[in-house]
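Take a look at the following structure, please.
Lettering follows sequence order; numbering is per chain, from 1. For clarity, every value in this text was computed on a predicted model and none was experimentally measured.
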Amino acid sequence: MKKPSIPKGTRDFTPQEVVKRTYITDIIKRCFMSYGFQPIETPSFENSETLMGKYGDEGDRLIFKILNSGDFLRKVDDTTYSEKDATKLTSKISEKALRYDLTVPFARYVVQHQNEITFPFKRYQIQPVWRADRPQKGRFREFFQCDADVVGSDSLWQEVEFVQLYDAVFSALNLKEVVIKMNNRKILSGIAEVIGAEDKLIDFTVALDKLDKIGEEGVKKEMLEKGISETAIEKLQPVFNNDGSASEKLTLLKKLLDTSETGLQGIKELQFIIDAIEALGLQSANLEIDITLARGLNYYTGAIFEVAAPKGVDMGSIGGGGRYDDLTGIFGLKNVSGVGISFGLDRIYLVLEELNLFPATVSANTKVLFINFGNKESLYAMKAISKLRGLDITAELYPDEAKMGKQMGYADKRDIPFTVLAGDEEVKANLYTLKNMKSGEQEKVTFDKLQNLLK
RNA sequence: GUGGUUGUAGCUCAGCUGGUUAGAGCGCUGGUUUGUGGUGCCGGAAGUCGCGGGUUCGAAUCCCGUCUUCCACCCCA
């Protein structure tokens with residue numbers, strides 16, 4: 001018999017893992033709700049046309065397609081079939097696809113429910129998404145995103161709130177010194193404009209984004225390869241030396257972008273957010289301007305966020321987000337601005353694990369195990385167990401009349417802190433012998449005393 | 001999608017240049033004065049060596065393919 005297995009990039013979660021994951025999502029949910037976000041859920045798969053073309057070519061490749069039901073090949077005409085063109089064939093044999101992120105389905109949701117929604121609409125959503133990527137550290141083919149977005153407001157106060165929200169969540173998780181990096185798409189457009197590379201915006205930003213990875217020379221080389229002129233790259237020089245304070249960076253940018261209206265607008269937006277956060281303060285996160293931050297999907301138009309784990313932890317970004325002026329436009333609803341952020345649950349988990357930041361109390365364990373001495377004694381035990389459960393004390397009876405050693409061993413292995421021994425003697429006296437598994441001490445007590453000791 | 005890496009009992013791994021019934025630790029299980037676990041002692045079960053081909057008298061060990069793992073690129077949470 002072949003051992004069963006799961007597809008690559010997917011995982012089973014043990015009880016301990018689920019408990020820890022719940023700890024994270026509970027905190028995120030609590031923060032989301034306290035900021036006024038409301039939960040929605042969307043289907044795990046969508047019509048292909050909803051997803052395809054929304055994430056770029058790379059994205060299309062990474063979307064899991066679902067085969068049509070029935071005798072789907074019969075409907076393919078012979079020409080398409082013999083051409084062996086995957087893209088063409090796919091559209092004929094697959095009409096549904098697994099959710100790739102939560103933002104596009106949300107945009108679809110907003111358009112579809114526009115008449116029931118009161119704008120601005122703040123929603124959060126915590127669900128799995130799927131990508132046909134090649135797995136590696138912190139990268140899975142099935143993973144969870146925790147998104148909070150607001151649509152229908154252009155106000156920069158939303159951006160300010162999202163910075164606060166990031167800070168609130170990571171502070172509550174006791175994950176200190178995360179770095180919230182912020183940039184603005186308009187600044188990037190502005191830079192491309194003033195150096196005369198507007199038509200190469202995407203190549204330009206993708207290359208710039210790699211600065212901390214491949215260095216200044218690497219970036220310049222890549223830009224040259226992508227056809228960005230040498231004179232243009234020369235004009236970029238100030239950008240490469242951009243490690244001052246926020247205000248220094250902004251001053252530098254203002255000089256560089258003084259001929260670009262778009263660029264200046266971006267600076268103004270960034271300035272607003274920085275000023276507001278400076279006045280309001282953050283608990284434990286650091287907010288930084290990162291001009292090289294370009295990641296993010298093609299639809300971002302304003303602010304771009306990315307959260308990096310504290311220094312010394314080797315992990316990709318643990319959160320990201322931004323402003324998109326016209327996301328719902330692709331589904332026919334114009335002029336609705338949206339801005340949102342996402343938390344990468346699986347990566348946050350890995351970071352907390354690495355830094356040992358899960359509280360010891362994170363466990364949903366049984367408090368007390370009653371030893372099984374036989375049916376008569378078990379009935380006596382069950383009566384007490386029911387009463388304890390009514391008092392919110394998790395209690396259980398060992399189901400079989402096994403040897404004591406085995407029953408104690410079971411409590412031990414499951415880290416159950418107390419056992420109750422109630423045999424013939426106790427039943428007669430209407431008492432319970434409570435044993436503390438850690439100290440080994442035990443005493444014979446009444447039910448009242450028992451419940452008090454277990455509280 | 002490109003390049004590399006990994007795969008041996010439930011888990012972590014050993015197994016030299018191919019040579020008889022493939023090992024260890026932990027775990028599991030049974031026993032160790034049958035109302036007591038976490039430490040000791042004794043015994044036991046458990047692997048068609050990821051899968052499929054090939055080379056060879058003979059392969060866990062060499063070759064090819066495939067899947068999986070991890071890593072880099074790409075991209076991203």
Can you measure A:Tyr100 atom OH to B:C76 atom C1' for me and round it to whole angstrom units?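 Atom OH in A:Tyr100 sits about 6 Å away from atom C1' in B:C76.
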Length of the line joining A:Phe140:CZ and B:U69:P, which is rounded to integer Å: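 Value for this atom pair: 11 Å.
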Looking at A:Tyr100, does the NZ or CZ of A:Arg131 lie under 6.0 angstrom from its six-membered ring centre and within 45 degrees of the ring axis? yes
So what does A:Gly9 hit on the nucleic acid, given a heavy-atom distance under 4.0 Å: a base, only sugar-phosphate, or nothing? sugar-phosphate
B:C75 base / A:Arg61 side chain donor-acceptor hit below 3.5 Å: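 There is none.
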How close or far is atom P of B:C70 from atom CD of A:Gln136, stated in whole angstroms?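 Distance check: A:Gln136 CD to B:C70 P gives 10 Å.
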Using a cut-off of strictly less than 4.0 Å, decide whether A:Lys403 has a side-chain nitrogen or oxygen near OP1 or OP2 of B:U36.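 Result: no.
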Looking only at heavy atoms, what is the nearest atom pair of A:Gln283 and A:Ser171, with distance? CB-OG, 3.4 Å
If we take the C1' atom in both B:C49 and B:U12, what is their distance in whole Å?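 Approximately 16 Å lies between the C1' atom of B:C49 and that of B:U12.
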Check if the side chain of A:Arg414 and the base of B:G37 share a donor-acceptor pair of N or O atoms closer than 3.5 Å. no
Want to settle it: does A:Arg347 or A:Ser439 sit nearer the 5' end of RNA chain B, counting the closest nucleotide to each?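 Upstream on the strand: A:Ser439.
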B:U21 and B:G37, which share atom name P, separated by this distance in whole Å: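 Taking atom P in both B:G37 and B:U21, they lie 43 Å apart.
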Rounded to whole angstrom units, what separation is found between the CD1 atom of A:Ile24 and the C1' atom of B:A77? 13 Å
Starting at atom CD of A:Gln442, determine the distance to atom C1' of B:G37, rounded to an integer number of angstrom. 11 Å
Which part of the nucleic acid does A:Phe343 contact within heavy-atom distance under 4.0 Å: base, sugar-phosphate only, or nothing?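 The residue A:Phe343 makes no contact with any strand.
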Reckon A:Gly440 touches a base, only the sugar-phosphate, or nothing at all at heavy-atom distances under 4.0 Å?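 Here A:Gly440 touches the bases of the nucleic acid.
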Could you give the distance separating B:C76 and B:G7 at their C1' atoms, to the nearest angstrom? 28 Å
If we take the C1' atom in both B:G4 and B:C41, what is their distance in whole Å? 49 Å
Answer yes or no: side-chain N or O of A:Lys413 and base N or O of B:G37 forming a donor-acceptor pair under 3.5 Å.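 Check fails, no donor-acceptor contact within cut-off.
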Minimum-distance nucleotide (side-chain atoms of A:Phe143 versus B:G35, B:G30, B:A77):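 From the listed options, B:A77 comes nearest.
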Rounded distance in Å between the P positions of B:G1 and B:C62: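 Approximately 28 Å lies between the P atom of B:G1 and that of B:C62.
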If you look at every strand shown and take non-hydrogen atoms under 4.0 Å, does A:Glu426 touch a base, only sugar-phosphate, or nothing?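 Here A:Glu426 touches the bases of the nucleic acid.
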Using Watson-Crick geometry (N1-N3 plus N6-O4 or O6-N4) or G-U wobble (N1-O2, O6-N3), each under 3.5 Å, B:G65 is paired with B:C51
Nearest to side-chain heavy atoms of A:Met404, which nucleotide of B:C75, B:G35, B:U29: B:G35
If we take the C1' atom in both B:G19 and B:G25, what is their distance in whole Å? 28 Å
Taking atom C1' of B:G35 as reference, at what distance in whole Å does atom OH of A:Tyr410 sit?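 Distance check: A:Tyr410 OH to B:G35 C1' gives 20 Å.
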So if I apply the ring-ring contact (aromatic ring centres under 6.0 Å, His included) rule between A:Phe162 and each of A:Phe37, A:Trp157, A:Phe305, A:Tyr35, which one comes out positive?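 The ring-ring contact (aromatic ring centres under 6.0 Å, His included) with A:Phe162 is passed solely by A:Phe37 among A:Phe37, A:Trp157, A:Phe305, A:Tyr35.
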When the nearest nucleotide of RNA chain B is assigned to A:Asp346 and to A:Thr433 on a heavy-atom basis, which residue is associated with the more 5' position? A:Thr433
Pair A:Asp346-A:Arg11, salt bridge (Lys or Arg N to Asp or Glu O under 4.0 Å): steps then yes or no: CA-CA 11 Å; A:Asp346 304 85; A:Arg11 297 150 298 159; 2.7 Å; yes
Taking atom types as they are modelled, would you say the side chain of A:Arg134 forms a donor-acceptor pair with the base of B:U69 within the 3.5 Å cutoff?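 Check fails, no donor-acceptor contact within cut-off.
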Between A:Arg108 and A:Glu46, is there a side-chain N and carboxylate O pair less than 4.0 Å apart? yes
Take atom C1' in B:G43 and the same atom in B:U69, then report the distance between them in whole Å.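 Their C1' atoms lie roughly 37 Å apart.
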Any idea which of B:G30, B:G37, B:A77 is nearest the A:Met408 side chain?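 For the A:Met408 side chain, the nearest candidate turns out to be B:G37.
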Classify the nucleic acid contact of A:Ile318 as base, sugar-phosphate or nothing, counting any heavy atom under 4.0 Å across all strands shown.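 The residue A:Ile318 makes sugar-phosphate contact but no base contact.
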In whole angstrom, what separates A:Lys210's NZ from B:C73's P?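 After rounding, the reported distance stands at 9 Å.
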Mark yes or no for a side-chain to base donor-acceptor pair under 3.5 Å between A:Asp412 and B:G37, with no hydrogen or angle criteria applied. yes
Do the non-hydrogen side-chain atoms of A:Lys435 and A:Met437 ever get within less than 4.5 Å of each other?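 A side-chain contact under 4.5 Å exists here.
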Paired with B:A24 by Watson-Crick or G-U wobble geometry, both distances under 3.5 Å: which nucleotide is it? B:U12
Less than 4.5 Å apart, side chain to side chain, heavy atoms only: is that true for A:Lys122 and A:Glu161? yes
Answer for the Watson-Crick or wobble partner of B:G43, both distances under 3.5 Å, is B:U29
Steps toward salt bridge (Lys or Arg N to Asp or Glu O under 4.0 Å) verdict (A:Arg414, A:Glu396): CA-CA 12 Å; A:Arg414 276 195 51 196; A:Glu396 59 182 296; 3.0 Å; yes
If you measure from the C1' atom in B:A45 to the same atom in B:A9, how many Å do you get, rounded? 11 Å
Separation of B:C76 P from A:Arg141 CZ (nearest whole Å): 18 Å
Just checking A:Val206: base, sugar-phosphate only, or nothing, at a heavy-atom cut-off of under 4.0 Å? sugar-phosphate
